[in-house]
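Beneath this line is the structure, given in structure tokens, with notes to follow.
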Amino acid sequence: MSAPADNDVSRASAGVRAPGRARLAARTLRTDRWWLSPLLTVLGLATFVVYATVRAFVRTAYWVPEYHYLTPFYSPCVSTSCVPGSSHFGHWFGEMPSWLPLGVLVLPFLLGFRLTCYYYRKAYYRSVWFSPPACAVAEPHARYTGETRLPLIVQNVHRYFFYVACVVSLVNTYDAIVAFQSPSGFGFGLGNVILVVNVVLLWAYTLSCHSCRHVTGGRLKHFSKHPVRYWIWTQVTKLNTRHMALAWTTLGTLVLTDFYVMLVSSGAISDLRFVG
Ligand code: FES
């Protein structure tokens, strides 16, 4: 008998229910809480997306003029709509309409970087698309084409988002350095600690990228002929084993950094100052 055409495949006859497989009524025989991990993933991602979207559009409390604290959601701020002092790299654009985020120059690339990230792909393919919801839990889909077709074949451009993310990390590093300010010159406060920790973790996440591992040394055949790239590859590989943890930690530090800058900028709290 020939295999059924794609459009003849139904959920009732696909996967674990395909003819010839052992007949089991249950979707899975797992007795643990396999649904907990996808549920937490969806809640975590949704919380970040809602917070980041609101903050990116509100255009309030993103800059602290006394201490030069700039939230990463508005960096770089290169429009004349940005509040005075917050444009570290000059004004590239005139006034921006209120429906455009002031960070529009890089936010789409950062979104693309995380959307095409190998870890996040695993996370949302499982928790949002249920493909699969968990190991050994039957999918709700009758067909599966993986990443072989549009739109998912576009995930292969991830390395280009990685290159842009490196540039954005340099911009964030510059922001963190120029934030050592006070009205009388050099200054150092709790905001600096938060900005620096955030930027260090953003670098760790960016450099732990699977594409980074590939371009630095993963694509080589003979490590013995490339000692420097081999060393870099070994360091990136160590970081890469923490990529999932760094993906979540940096979502947290981005929110925390933005939230702290918002509180200080709006006057809700004052910065804890150590110097200046
Ligand atoms: S694989 Fe996650 S950022 Fe590249």
Side-chain angles (χ1 to χ4, degrees), residues 45-117 120 160-183 187 189-203 205-206 247 249-271:
L45 293 179
T47 304
F48 179 82
V49 168
V50 169
Y51 180 89
T53 305
V54 171
R55 280 294 292 151
F57 281 93
V58 291
R59 291 196 182 184
T60 55
Y62 58 87
W63 167 249
V64 181
E66 301 95 310
Y67 311 131
H68 291 197
Y69 294 161
L70 176 67
T71 167
F73 291 161
Y74 284 71
S75 175
C77 212
V78 288
S79 152
T80 52
S81 302
C82 301
V83 291
S86 64
S87 299
H88 297 155
F89 300 93
H91 294 137
W92 303 5
F93 307 114
E95 294 288 310
M96 273 196 190
S98 57
W99 49 267
L100 263 186
L102 292 177
V104 69
L105 188 65
V106 299
L107 289 181
F109 291 101
L110 294 181
L111 179 66
F113 183 48
R114 299 229 176 203
L115 263 184
T116 59
C117 164
Y120 286 113
Y160 301 107
F161 286 117
F162 162 70
Y163 298 142
V164 177
C166 288
V167 176
V168 177
S169 293
L170 284 173
V171 169
N172 293 149
T173 306
Y174 182 82
D175 293 341
I177 291 170
V178 298
F180 285 90
Q181 271 290 335
S182 77
L190 179 58
N192 296 106
V193 176
I194 293 174
L195 284 168
V196 168
V197 167
N198 178 56
V199 99
V200 167
L201 287 168
L202 282 180
W203 271 117
Y205 169 68
T206 306
T249 308
T250 48
L251 286 191
T253 58
L254 279 167
V255 168
L256 181 70
T257 306
D258 177 79
F259 194 62
Y260 186 81
V261 171
M262 181 180 74
L263 290 180
V264 175
S265 173
S266 64
I269 61 169
S270 45
D271 189 34

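Computed from a prediction, not measured in an experiment: that's the story for all the values here. Residues: numbered from 1 along the sequence shown.
Within the structure, the salt bridge (Lys or Arg N to Asp or Glu O under 4.0 Å) test picks out the following pairs touching residues 47-56 (sequence neighbours left out): R55-D258.
Here L102 contributes atom CG and F93 contributes atom CZ; the two are 11.0 Å apart, rounded to the nearest 0.5 Å. Separating the CD1 atom in I177 from the CG atom in L195 is a distance of 11.5 Å, to the nearest 0.5 Å. Rounding to the nearest 0.5 Å places OG1 of T53 at 9.5 Å from CG of L107. Atom OH of residue Y69 and atom CG of residue D175 lie 13.0 Å apart, to the nearest 0.5 angstrom. Distance check: R114 CZ to F48 CZ gives 6.5 Å after rounding to the nearest 0.5 Å. A distance of 8.5 Å separates CG of L202 from OG1 of T173, quoted to the nearest 0.5 Å.
Here N172 pairs with nothing under the side chain to side chain donor-acceptor pair (under 3.5 Å) rule; sequence neighbours left out. For T116, the side-chain contact (heavy atoms from CB on, under 4.5 Å) criterion is met by Q155, H158, F161, not counting sequence neighbours. Shown here are the disulfide (SG to SG under 2.5 Å) partners of C77, two or more places apart in sequence or in another chain: C82. Considering only residues two or more places apart in sequence or on other chains, T257 meets the side chain to side chain donor-acceptor pair (under 3.5 Å) condition with none of them. For Q181, the side-chain contact (heavy atoms from CB on, under 4.5 Å) partners two or more places apart in sequence, or in a different chain, are H68.
Checking side-chain atoms of S81 against main-chain N and O of M96 turns up a donor-acceptor pair under 3.5 Å. The backbone N or O of T250 sits less than 3.5 Å from a side-chain atom of T253, completing a donor-acceptor pair.
Among all heavy-atom pairs drawn from P97 and R59, the shortest one is O-NH2, 2.7 Å. Between C166 and W203, the shortest heavy-atom distance links the atoms O-CH2, 3.6 Å. The two residues S169 and V199 have their closest heavy-atom pair at O-CG2, 4.3 Å. Nearest heavy atoms, G189 versus D271: CA-OD2, 3.6 Å. Considering all non-hydrogen atoms of both residues, G191 and Y260 come closest at CA-CE2, 3.5 Å. A pairwise comparison of heavy atoms in V261 and V64 identifies O-CG2, 4.0 Å as the closest pair.
At a threshold of 4.5 Å between non-hydrogen side-chain atoms, the residues L110 and V168 count as touching. Using a 4.5 Å heavy-atom cutoff, the side chains of F180 and V196 are in contact.
Ring planes of Y74 and Y62: parallel class, angle under 30° (limits at 30 and 60°). Between W63 and H88, the ring planes are perpendicular. Angles over 60° get that label, and only those under 30° would be called parallel. In this structure, F113 and F162 have tilted ring planes: the angle between them lies in the 30° to 60° band. The aromatic rings of Y160 and Y163 stand perpendicular to each other, their planes meeting at an angle above 60°, with 30° marking the opposite boundary.
Under a cut-off of 6.0 angstrom, the local environment of OH in Y120 is crowded, with over 12 non-hydrogen atoms contributed by other residues, nucleotides or ligands. Taking a 6.0 Å sphere around CZ of F259, one finds it holds 12 or fewer heavy atoms contributed by other residues, nucleotides or ligands.
Checked options S79, P76, S75; the residue passing with L105 is P76 (criterion: side chain to side chain contact (heavy atoms under 4.5 Å, CB included)).
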